[in-house]
Amino acid sequence: MSDAPILQVDTLSRHFPVRNMLGWKTGAVRALDGVSFEVRSGETLGIVGESGCGKSTLGKALVGIHPPGGGRIVFEGKDITGQSANERRAVAPKLQYCYQDPGNSLDPRWTVRRSLAEPLVVHTALTPSDRNARIAKIMQQVGLPLTHLDLYPHELSGGQQRRVGLARILTLHPRLVVLDEPTSGLDVSVQASVLMLLRELQRAFSLTYLFISHDLSVVRMMCDRVAVMYLGRIVELAPTETLFAAAKHPYSQSLLSAIPDIGGRRVTDTFTLEGEPPDPARPPSGCRFRTRCPRAAPVCAETDPALRPITPAQSAACVFA
Amino acid sequence: MALPGDNLLEVEDLRVSFATESGVAKVLDGVNLTIRPGEIMGLVGESGCGKTTLANAILGILARNARHEAGTIRFGGEDLLAMPRRRIEDEVRGRRITFIPQDPYGSFNPLFPIGTQTMEVMKWKSPHRAAGEGRGVAGFFSRYPRARRRSDAAAVSQMLRAVQIPDRDAAFVKLPHEFSGGQRQRLMIALALLPQPQLVIADEPTTALDVTIQVQILKLLKQLAKKSGVSVLFTTHDLGTAYEICDRITVMYAGQEVETAPVDDFFRRPHHPYTVRLLESLPRPGRELREIGGEIPGLISPPAGCRFHPRCARATDVCRAERPPVAALGGGHEVRCYHPIAEATPA
Ligand SMILES: Nc1ncnc2c1ncn2[C@@H]1O[C@H](COP(=O)(O)OP(=O)(O)OP(=O)(O)O)[C@@H](O)[C@H]1O
Ligand SMILES: Nc1ncnc2c1ncn2[C@@H]1O[C@H](COP(=O)(O)OP(=O)(O)OP(=O)(O)O)[C@@H](O)[C@H]1O
Ligand code: SF4
Ligand SMILES: [Mg+2]
Ligand SMILES: [Mg+2]
C-alpha cells in the first residue's frame, strides 16, 4: 500500500427522482449528497452503513455504471467524470464493479465459460486460444475446477457463483475493484473461504478494493480504512482500528455497539439507539442523524456539519466531534 | 437429561424427505429437539440444513412433496403428527403455536389495512374464542360476537404499544407497504403474540433487517417472550444472533442435529468438530480465519453415518458406518460424535 491516491472523489452527488402515481416528479432522493474521499493504491477501503444509505449508488457511480449528477472523479490522476464513451473504453477494464448478487448478474443461459469469455471479447483483442488460456488460469486462481466451465449458474453453489463473478472481473486485470457486499447471503463457512480468496487475489494482482458491506466484523477483518455512510453522506472516515477503538461520530458509535460480541456482554442488553433511518426523500434539516442521535442538541437542527479532520487520519461530521 | 414431563415440545427421531425430479432428498435424518416452557431455543445451522423444514413440520405446513418417514412431534404431551387436521387448525396452529416468518413483506396481504388484517386473525385465533365458535351454519351469523370483538380490539391496541408502533390509531388504517421493514417485523411479532400461544416459531425473523434494527427487534422479542413466559423456537444461521437471544442452542448439519447445550456452555466449550470449525470461520478480531474445507453434501445420496464425515479431520471407519449416538456430557450438554473435541479452544 502506498500513500498515492489511485482514486480521488470530490463532492460527488447523485439524485433519483421521486414520482407520484401519475408519474409526476414530486421530489428527489439524494442517494449521494456531496461525497468526497480518496482511495490509496493497494488499500482496502470499507464502506459501511444501513440499507439505502447510498453504498451501491456510490460504487456504481465510480465505475461509470450510472453517471454521477455532480462532482468529480479522478482515477490515476485523470479526471474521468465527463469522459466520452470512447475515452472511457481505455479506463473501463481497470475499474471494475462486482455485483451485490452474483446469481442475478450472471446470465442464466450462459455457461461459466461463456460468462468468462465475454468481457475478454469486449475489452481485449486476445486470440481465442489466448483467451482460453487466460480463462483456465483464472479458474485455477479463484479455486474452481476446470470441469465447472461447462456448468450453468443455477448448477453452482452461492460461493461458487461469487468465485465466477470475481473471475469474470479479474480476467481484465483491473486496478481497482468495487466489491459490493461480496459475502452477503453466504453462510459463514463459505464466507470465510471467499474472504480468504479475496485477500489472496489482492496480493496476487496488487488490487485496490472498495469493500462495501453492512457486516462490521467482516469489514474489521478486511479493511485498512473505513468510511461510514448515513443517508447519502460520509459521516466518518478513519483507519479501521482507530474507528473500532475510538469512533467519533455518534452514528458510528451506535453501529459499532450493535456488533454481537460472542462470549462478551450481550448487545441486546446494552444497545440504546432508537428509531429507524428517515425517508431519504425528506431528510431532516441540519445533521441528518439528529432524529436518532442520543447527543442531538438544538444546534444540530440548524447546522449541517461537514466532514472535517479530527486528527490527520480521522474525519467526522458532527458538531460535537 | 430432563424428564419428558418438563418439555413443552419434543421432537424425536424425525425423518422427513422430499420427492424431487432427481430422487428422494432425505432432508431431516432423525432429528431430536426439546423445548421447555418459557425457553428460547436456538436452532442454528447453515443454509439448507433443514431449519425451515423442521419449523414447517412442527407447524404442520410441509410442502406437498414432503413425506414424513418416521418420528414424532409431541406438543404438550400429544403427538401433533397423529392429531386430526381439523383440531390442528382449530386449536393448535395460529393459537397454541404461532409463527414469525423471515419475510414480513410476503406475509401481509398488500391490499388491506393492517387493522383489518389483524382483526381477521383475532376473529379466529383470539385466545378468547371458544372452540368451534363461528363455524358451521349457525356460526355464520355469529362469526365475531361484538363483545369479543371489542375486547380483542383493545388487546390489539395494547400489543401495538408493546411492540412500539407509533400512533396506533393511524397504524390501524395503514396499508402494509406504508410501514418500514422493521415496523412490519414488529407487527409480525404482535400478531404472533396476540393469540397468547405457548410456542412461537420464529424462522430467521431478523435476517432481512439492518444491524441496528435487528438489535432493536431481538431486544423486543426477548423482553416480550420472557414477560409472557412463551417458549420460542428461534432458527438462524447467525451465531451472533443466537448468542444474543437464546437460552439453549442446537446445531444442525445436513439434516442431523449434532450438538445441544445451554448458550454460554455452547460457545465456551463446543465439542463437535463441526461446531468448532463453524465458530472458527467467524471473523473475530485478532484471530485468523479458517475455512471448513469441502462442501455441504447433497441430500439425495447423503454420506452414510455421521453426515459430516467427508469434511471431518477426525473421521474414522465407525463414523462412516453409523451415526454416532447421543453422548451426555453433563449440564445439559449433548453431542453426537465418536471423537468429540475434548478441550476445544474457547470461542
Ligand atoms: N435506480 C434508482 N431509482 C430510484 N431510486 C434509487 C435507485 N437506485 C437507488 N435508489 C435509492 O437511492 C438510495 C440509495 O440506494 P443504494 O442502493 O445505493 O443503497 P445501499 O446503501 O446500497 O443499500 P443496500 O445496503 O440495501 O444495498 C435508496 O433510497 C434507494 O431507494
Ligand atoms: N419442497 C421441497 N422440495 C424439495 N426439496 C426441498 C423442499 N423444501 C426444502 N427442500 C430441500 O431441503 C433442504 C433443507 O431446506 P430448508 O429450507 O429446511 O433449509 P434451511 O436450513 O431453512 O435453509 P436456509 O437457511 O437457506 O433457509 C434443502 O436442501 C432444500 O433444497
Ligand atoms: S462422528 Fe466422526 S466424522 Fe462425525 S464429527 Fe465426530 S469424528 Fe467427525
Ligand atoms: Mg447496495
Ligand atoms: Mg430456512
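Order of the sequence lines sets the chain letters (A, B, ...), proteins ahead of strands, with each chain counted from 1.
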Item checked: Interatomic distance, A:Leu195 atom CG to B:Glu291 atom CD [nearest 0.5 angstrom] ->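 Separation between the atoms: 10.0 Å.
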
Margin query: To the nearest 0.5 Å, what is the distance between CG on B:Asp264 and CD1 on A:Ile262?
Written below: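 Nearest 0.5 Å value for the CG-CD1 distance: 11.5 Å.
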
Over all heavy atoms of both residues, which pair between [X] and [Y] is shortest? Give the atoms and the distance, please.
| X | Y | value |
| --- | --- | --- |
| B:Arg287 | A:Met221 | O-CE, 3.2 Å |
| A:Phe271 | B:Lys219 | O-NZ, 2.6 Å |
| B:Ile213 | A:Gly275 | CD1-O, 3.9 Å |
| B:Glu46 | A:Ser189 | OE2-OG, 2.5 Å |
| A:Val218 | B:Pro283 | CG2-CG, 3.9 Å |
| A:Thr268 | B:Lys222 | OG1-NZ, 3.4 Å |

Notebook entry, point to check: With only heavy atoms counted, which part of A:Gln191 is less than 4.5 Å from chain B, the side chain, the backbone, both or neither?
Noted result: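 For A:Gln191, the contact with chain B is made by the side chain alone.
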
Check: Where does A:Asp261 contact chain B at under 4.5 Å (heavy atoms): side chain, backbone, both or neither?
Finding: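 Backbone of A:Asp261 only, per the 4.5 Å heavy-atom cut-off to chain B.
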
Region of [X] in contact with chain A, defined by heavy-atom distances below 4.5 Å:
| X | value |
| --- | --- |
| B:Ile245 | neither |
| B:Arg290 | backbone |
| B:Gln214 | neither |

Note to self: Holding to ring pair (Phe, Tyr, Trp, His ring centres under 6.0 Å), I want the full list of residues that pass it with A:Phe211, two or more places apart in sequence or in another chain.
What the structure shows: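 If we apply the ring pair (Phe, Tyr, Trp, His ring centres under 6.0 Å) test to A:Phe211, skipping adjacent residues, there are no hits.
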
Note to self: Can you confirm whether more than 12 heavy atoms, excluding those of A:Glu274, are under 6.0 Å from its CD atom?
What the structure shows: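 Count not over threshold, so no.
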
Check: Distance only, no hydrogens: is a donor on one side chain within 3.5 Å (strictly under) of an acceptor on the other, for B:Glu295 and A:Gln160?
Finding: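 There is such a pair (donor and acceptor under 3.5 Å, judged by atom type) between the side chains of B:Glu295 and A:Gln160.
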
Notebook entry, point to check: Does B:Leu289 reach the side chain of A:Arg199, with side-chain heavy atoms less than 4.5 Å apart?
Noted result: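 Heavy-atom side-chain distance check fails, nothing below 4.5 Å.
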
Note to self: Is the shortest side-chain heavy-atom distance between B:Ser281 and A:Val190 below 4.5 Å?
What the structure shows: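 Sidechains of A:Val190 and B:Ser281: no contact.
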
Notebook entry, point to check: Counting only N and O atoms by type, is there a donor-acceptor contact under 3.5 Å from the side chain of B:Glu244 to the main-chain atoms of A:Val267?
Noted result: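 Side chain of B:Glu244 to backbone of A:Val267: a pair is present.
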
Notebook entry, point to check: After noting the C-alpha distance and the side-chain angles of B:Leu278 and A:Val188, does the key distance pass the side chain to side chain contact (heavy atoms under 4.5 Å, CB included) rule?
Noted result: CA-CA 7 Å; B:Leu278 193 64; A:Val188 276; 3.6 Å; yes

Checklist line | Residue, of A:Pro277, A:Gly52, A:Ala192, that accumulates the most heavy atom pairs under 4.5 Å with chain B | finding: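 The candidate making the most pairs under 4.5 Å is A:Ala192.
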
